[in-house]
Amino acid sequence: MTTAQAVNRIELEAKVKEMYRYVADAPSGEFHFEMGRTLAERLGYRPAELDRVAPEAVESFAGVGFHFDLAAIRSGDTVLDLGSGSGMDSFIAALKTGPAGHVSGLDMTDAQLQKAERLRAAAGLEHVSFHKGYIEDVAFASETFDVVISNGVINLSADKARVFLEAARVLKPGGRLAISDIVTEKPLPEGVTCNATLWAACIGGAMQQDDYFQVITRAGLHLVQVRDNPQYQFLSQNAKNAAHKYGVKSVSLLAIKY
């Protein structure tokens, strides 16, 4: 299992913030991972819904899968988006909750938050709000949300067990956790898990899939469905090599709080 002590957390946070500042400010740059509308559509996002989201949010989309069908967000639902980035998934969720519901996005990167808030204000979406914070320490009351979503973010955390405990805490009984993330088929070696740059690239922090699923269930969530996302591919050769050697891959899953 990838341990919380395997990587320098201060260095990791700095690397993640740096990389995702570029994702927000320079989405046409070179990254280990694909971004933007072409990726979103290939993962399963509906073009008609993407058309209703600010193009600037879509261009900075850096997710790894599609899980809105699993989330089954309904009108009036309260939704928390862990690692909301430039806001695309939050805005998609807001289309589904309608003004009777509310979507809260949580992110630690100032550039992402500023971009998301600017786009939210321009669109007049009063039932969406963005908050600065950490997914390991969610500043919301227990049993607040009907749905928690996250896309390609939890693998970046050095304390995944805490992330899922917090997700379970803020979900209402019967609430749904619907996420996409990067996991591995084989455990990663220490040389990879100690490399903060590879963590920030969504590789070094990937947990072996059986361990990942156990962390979810230990948090008090019932794992209902898991599916692989073979349509997600890394871009850089280093990332491709890791994917081939260790089975680094994208999955989407649904878990329920009972």
Side-chain angles (χ1 to χ4, degrees), residues 16 19-20 22-73 79 81-96 103 105 107 112 115-116 119 147-156 176-185 198 200-203 205-207 209 212 224-254:
V16 170
M19 181 166 292
Y20 288 90
Y22 284 120
V23 167
D25 294 341
S28 61
E30 293 187 3
F31 298 91
H32 289 279
F33 42 81
E34 188 178 355
M35 291 170 51
R37 179 162 182 146
T38 299
L39 169 65
E41 289 190 13
R42 191 168 71 249
L43 293 175
Y45 286 81
R46 297 176 180 175
E49 291 185 336
L50 294 174
D51 288 342
R52 298 175 64 187
V53 174
E56 288 180 78
V58 177
E59 71 179 4
S60 287
F61 170 72
V64 302
F66 179 77
H67 46 260
F68 279 97
D69 56 331
L70 302 176
I73 298 170
V79 180
D81 184 4
L82 296 176
S84 48
S86 292
M88 191 189 93
D89 275 359
S90 293
F91 298 140
I92 294 285
L95 296 176
K96 301 177 182 299
V103 179
D107 206 280
Q112 295 275 33
K115 184 172 186 177
L119 297 174
V147 185
V148 172
I149 60 175
S150 185
N151 203 334
V153 175
I154 297 174
N155 72 89
L156 298 171
R176 307 177 295 284
L177 173 75
I179 64 174
S180 298
D181 204 15
I182 300 297
V183 297
T184 71
E185 295 174 353
L198 288 177
C202 293
I203 299 169
M207 183 180 280
Q209 59 187 353
Y212 189 94
V224 175
Q225 183 176 347
V226 179
R227 67 181 179 220
D228 288 357
N229 299 315
Q231 62 272 44
Y232 181 78
Q233 301 291 330
F234 290 103
L235 295 182
S236 74
Q237 194 58 51
N238 283 345
K240 288 180 179 179
N241 290 343
H244 176 73
K245 187 172 184 179
Y246 303 107
V248 181
K249 64 182 182 179
S250 166
V251 297
S252 295
L253 63 85
L254 171 67

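Source: prediction; values computed, not measured. Sequential numbering from 1 along the given sequence is applied to the chain's residues. What's counted below: heavy atoms across the whole structure, side chains too, no hydrogens, waters or symmetry copies.
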Going by the rule side-chain hydrogen bond (donor to acceptor under 3.5 Å, both in side chains), which residues pair with R42 if we only count those two or more places apart in sequence or in a different chain?
E34

Look only at the side chain of R52 and the backbone of L95, and say whether a donor-acceptor pair between them is shorter than 3.5 Å.
no

State, yes or no, whether a side-chain contact exists between L119 and F91 at a heavy-atom distance under 4.5 Å.
yes

The side-chain hydrogen bond (donor to acceptor under 3.5 Å, both in side chains) partners of S250 (sequence neighbours excluded) come to N229

Quick check against the 3.5 Å criterion: does S252 have a side-chain atom that pairs as donor or acceptor with the backbone of F66?
yes

Does a side-chain heavy-atom distance below 4.5 Å link Y212 with L253?
yes

Has N155 got a side-chain atom pairing as donor or acceptor with D181's backbone, closer than 3.5 angstrom?
no

Just wondering, do F61 and I92 contact through their side chains at under 4.5 Å, heavy atoms?
no

Taking the side chain as C-beta and beyond, is there a heavy-atom pair between V224 and L254 under 4.5 Å?
yes

Enter the distance from I179:CD1 to D81:CG here, rounded to the nearest 0.5 Å.
11.5 Å

Please enumerate all residues that pass side-chain hydrogen bond (donor to acceptor under 3.5 Å, both in side chains) together with R46, with sequence neighbours excluded.
none

With a 4.5 Å heavy-atom cut-off, do H67 and D89 have their side chains touching?
yes

I need the single residue from V103, V79, V53 that forms a side-chain contact (heavy atoms from CB on, under 4.5 Å) with S90. Which is it?
V103

Specify whether Y232 and F234 have parallel, tilted or perpendicular ring planes, treating 30° as the upper limit for parallel and 60° as the lower limit for perpendicular.
perpendicular

Would you check if the side chain of Q209 reaches a backbone N or O of T184 as a donor-acceptor pair within less than 3.5 Å?
no

Would you confirm whether R37, through its side chain, and P47, through its main-chain N or O, come within 3.5 Å as a donor-acceptor pair?
yes

Quick one, M207 and V183 - any side-chain contact, counting heavy atoms below 4.5 Å?
no

Would you call R227 and D69 a salt bridge, using N to O less than 4.0 angstrom?
yes

Tell me if a side-chain donor or acceptor on N151 pairs with a main-chain N or O of V64 at a distance below 3.5 Å.
yes

